[in-house]
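Chain identifiers are assigned alphabetically (A, B, ...) following the order of the sequence lines, protein sequences preceding nucleic acid strands; residue numbering begins at 1 within each chain.
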Number of protein chains: 2
Amino acid sequence: MQHLTRDEIRQSLTACGLKATHQRIVVLEAVAELHGSHPTAEDVFQRLRPANPTISLGTVYKTLDTFTETGMLRRVVSEGGSKRYDSNTMTHSHIYCSKTKEIVDFEDKELEQLLIKFFSERQVENFEIKGFSIQLTGCKVEPDKKISITRVSK
Amino acid sequence: MQHLTRDEIRQSLTACGLKATHQRIVVLEAVAELHGSHPTAEDVFQRLRPANPTISLGTVYKTLDTFTETGMLRRVVSEGGSKRYDSNTMTHSHIYCSKTKEIVDFEDKELEQLLIKFFSERQVENFEIKGFSIQLTGCKVEPDKKISITRVSK
DNA sequence: CAGTAAATAAGAATGTTTCTTAACTAGGAA
DNA sequence: TTCCTAGTTAAGAAACATTCTTATTTACTG
């Protein structure tokens with residue numbers, strides 16, 4: 001999630017066996033800059049277009065796909081509409097607002113531990129678990145304010 | 001999830017303030033018959049077309065939307081592609097196979113309790129929680145066999 | 001720096017969903 | 001029952017989202 005220089009991006013592309021093209025670099029930069037907003041291909045395209053007026057939308061689609069395959073990005077599940085991407089590939093969960101269509105990240109080590117323990121006591125047959133996440137669905141109360149999660153003192 | 005007669009469907013439609021039209025009845029029947037497969041609008045359309053050759057795909061889309069709004073159905077989140085629906089509106093979780101694109105239901109009271117307890121100790125500010133679910137992502141091992149979840153004896 | 005395999009731009013094609021409008025129908029009132 | 005009306009539907013156009021095709025360009029190899 002930290003800022004990467006272009007050379008660092010170049011290196012991680014090569015490490016994944018991908019050619020370090022200008023297009024791939026700027027797509028990855030744009031997704032990183034938009035992190036937290038779970039952008040669509042169109043969002044990413046709009047973001048990098050001013051500085052890269054010749055890039056094509058098809059390339060953005062293809063590049064995001066490629067990055068998802070190599071694990072450099074994740075696809076975020078959503079209730080439909082368009083595909084959305086996340087530069088945070090660590091285990092984390094999402095809060096979905098059905099009113100504003102926002103998807104808010106939320107990370108909780110305690111919850112993660114709880115689930116790891118739970119699934120260690122279960123066996124999913126004929127399935128290789130790659131990851132898990134929780135999704136909370138509901139509605140924002142004040143559409144203009146932020147959503148945040150805090151611990152309640154017992 | 002149990003079988004409903006047409007009169008029972010008619011009643012639940014009326015209870016939701018909807019006119020009990022033939023189209024709504026057969027759409028609801030079709031989704032119920034396809035339960036477990038998380039059908040798309042197109043799937044539902046194909047299912048009920050033979051017996052209802054004059055129904056239009058647009059009506060199926062609109063009807064599924066209407067049912068989702070009233071809470072008679074749920075929309076299942078997925079990694080993109082088309083919108084998928086679920087006739088099971090109880091709290092339950094999903095296993096996603098990235099290979100076959102299958103979505104398998106899985107229900108676990110113990111997990112549900114665990115999460116209820118967890119969230120009772122957290123406060124999500126500016127957000128009204130309507131529900132939660134877990135998603136397991138990964139890959140089927142044998143594409144032709146079923147996925148099942150069992151408890152491991154400690 | 002030349003050769004080659006891979007990647008890109010552009011736009012066509014495909015797939016998915018919503019919108020528009022005129023015709024139809026369920027359910028309430030007479 | 002029959003009529004009335006608001007809500008619903010069929011059909012297809014339109015909008016939106018994604019993938020595919022092909023000629024051209026580019027990154028990497030030696």
Side-chain angles (χ1 to χ4, degrees), chain A residues 6-7 9-30 38-49 51-70 72-73 75-85 101, chain B residues 6-7 9-28 30-31 38-49 51-70 72-73 75-85 101:
Chain A
R6 295 210 161 177
D7 269 342
I9 293 179
R10 232 179 271 275
Q11 280 167 32
S12 54
L13 286 169
T14 304
C16 289
L18 299 174
K19 279 191 184 176
T21 66
H22 180 71
Q23 289 85 341
R24 284 180 176 154
I25 293 167
V26 295
V27 166
L28 206 50
E29 276 181 347
H38 308 95
T40 63
E42 184 67 35
D43 293 335
V44 172
F45 181 58
Q46 293 305 336
R47 171 83 188 192
L48 51 73
R49 208 156 148 59
N52 306 271
T54 64
I55 202 169
S56 98
L57 179 57
T59 300
V60 175
Y61 271 101
K62 193 160 192 320
T63 304
L64 290 172
D65 244 21
T66 306
F67 289 165
T68 304
E69 267 165 35
T70 65
M72 300 178 78
L73 295 179
R75 210 169 270 142
V76 180
V77 302
S78 66
E79 284 197 356
S82 9
K83 294 185 180 175
R84 300 177 67 164
Y85 295 86
K101 307 293 173 200
Chain B
R6 295 209 161 179
D7 270 341
I9 292 179
R10 233 179 271 276
Q11 280 166 30
S12 53
L13 286 168
T14 304
C16 288
L18 299 173
K19 280 192 185 175
T21 65
H22 180 71
Q23 289 85 341
R24 284 178 176 153
I25 293 167
V26 296
V27 166
L28 207 50
V31 179
H38 310 93
T40 64
E42 185 67 35
D43 294 335
V44 173
F45 181 59
Q46 293 306 337
R47 172 83 189 193
L48 51 72
R49 208 155 148 60
N52 306 271
T54 65
I55 202 168
S56 97
L57 180 57
T59 299
V60 175
Y61 271 101
K62 194 163 194 318
T63 304
L64 290 171
D65 244 20
T66 306
F67 289 165
T68 304
E69 267 165 35
T70 64
M72 300 176 78
L73 295 179
R75 210 169 270 143
V76 180
V77 302
S78 66
E79 283 197 355
S82 7
K83 295 186 179 174
R84 300 177 67 165
Y85 295 85
K101 306 294 174 199

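- Mapping heavy-atom proximity under 4.0 Å, the span of DNA chain C touched by chain B runs 5' to 3' from C:dT16 to C:dG27.
- A 4.5 Å side-chain heavy-atom check between B:Arg24 and B:Thr21 finds at least one atom pair inside the cut-off.
- The shortest side-chain heavy-atom distance between B:Leu64 and B:Val31 falls under the 4.5 Å cut-off.
- Side-chain nitrogen and oxygen atoms of B:Ser56 include at least one within less than 4.0 Å of the OP1 or OP2 phosphate oxygen of D:dA10.
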Inset, instruction - Might you work through the side chain to side chain contact (heavy atoms under 4.5 Å, CB included) test for A:Val27 and A:Tyr61, ending with a clear yes or no? - result: CA-CA 10 Å; A:Val27 166; A:Tyr61 271 101; over 6 Å; no
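- Between A:Lys62 and B:Asp65, the residue anchored nearer the 5' end of DNA chain C, judged by the nucleotide with its closest heavy atom, is A:Lys62.
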Inset, instruction - Could you give me the CA-CA distance, side-chain angles and deciding distance for A:Arg75 and A:Tyr85, then say whether side chain to side chain contact (heavy atoms under 4.5 Å, CB included) is met? - result: CA-CA 5 Å; A:Arg75 210 169 270 142; A:Tyr85 295 86; 3.4 Å; yes
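- With respect to B:Asp7 and B:Arg10, a salt bridge is recorded, a charged nitrogen being found less than 4.0 Å from a carboxylate O.
- For A:Arg6 and A:Glu29, the salt-bridge test passes: some basic side-chain N is under 4.0 Å from an acidic carboxylate O.
- Rounded to 10 degrees, the angle between the two end axes of the helix from C:dC1-D:dG30 to C:dA30-D:dT1 is 40°, with five pairs used at each end.
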Can you check nucleotides 14-18 of chain D for protein contacts, nitrogen or oxygen pairs under 3.5 Å, and list what you find?
| residue | atom | partner | partner atom | Å |
| --- | --- | --- | --- | --- |
| D:dT18 | OP1 | A:Lys83 | N | 2.8 |
| D:dT18 | OP2 | A:Tyr61 | OH | 2.7 |

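- You'll find the side chain of A:Pro39 reaches within 4.5 Å of the side chain of A:Val44, heavy atoms only.
- Between the CG atom of A:Asp65 and the NZ atom of A:Lys83 there is a distance of 5.5 Å, given to the nearest 0.5 Å.
- How far OG1 of A:Thr66 is from CG of A:Leu18: 6.5 Å, rounded to the nearest 0.5 Å.
- Evaluation of the side-chain hydrogen bond (donor to acceptor under 3.5 Å, both in side chains) test over residues 51-60 of chain A, restricted to residues two or more places apart or in two chains, returns A:His22-A:Asn52, A:Ser56-A:Thr59.
- B:Thr40 meets the side chain to side chain contact (heavy atoms under 4.5 Å, CB included) test with B:Glu42, B:Asp43, B:Ser82, B:Arg84; sequence neighbours excluded.
- The interatomic distance linking B:Leu13 (CG) with D:dT8 (P) rounds to 11 Å, in whole Å.
- Distance A:Glu69 CD to D:dT19 P: 11 Å, rounded to the nearest Å.
- One finds the OG1 atom of B:Thr63 at 11.0 Å from the CE atom of B:Met72 (value rounded to the nearest 0.5 Å).
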Legend entry - Where protein sits on nucleotides 20-30 of chain D, one letter per nucleotide: B base, S sugar-phosphate only, - none, heavy atoms under 4.0 Å: -------BS--
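- A:Leu64 has its CG atom 14 Å from the C1' atom of D:dT19, to the nearest Å.
- Here the OG1-CG distance, from A:Thr70 to A:Leu13, works out to 8.0 Å after rounding to the nearest 0.5 Å.
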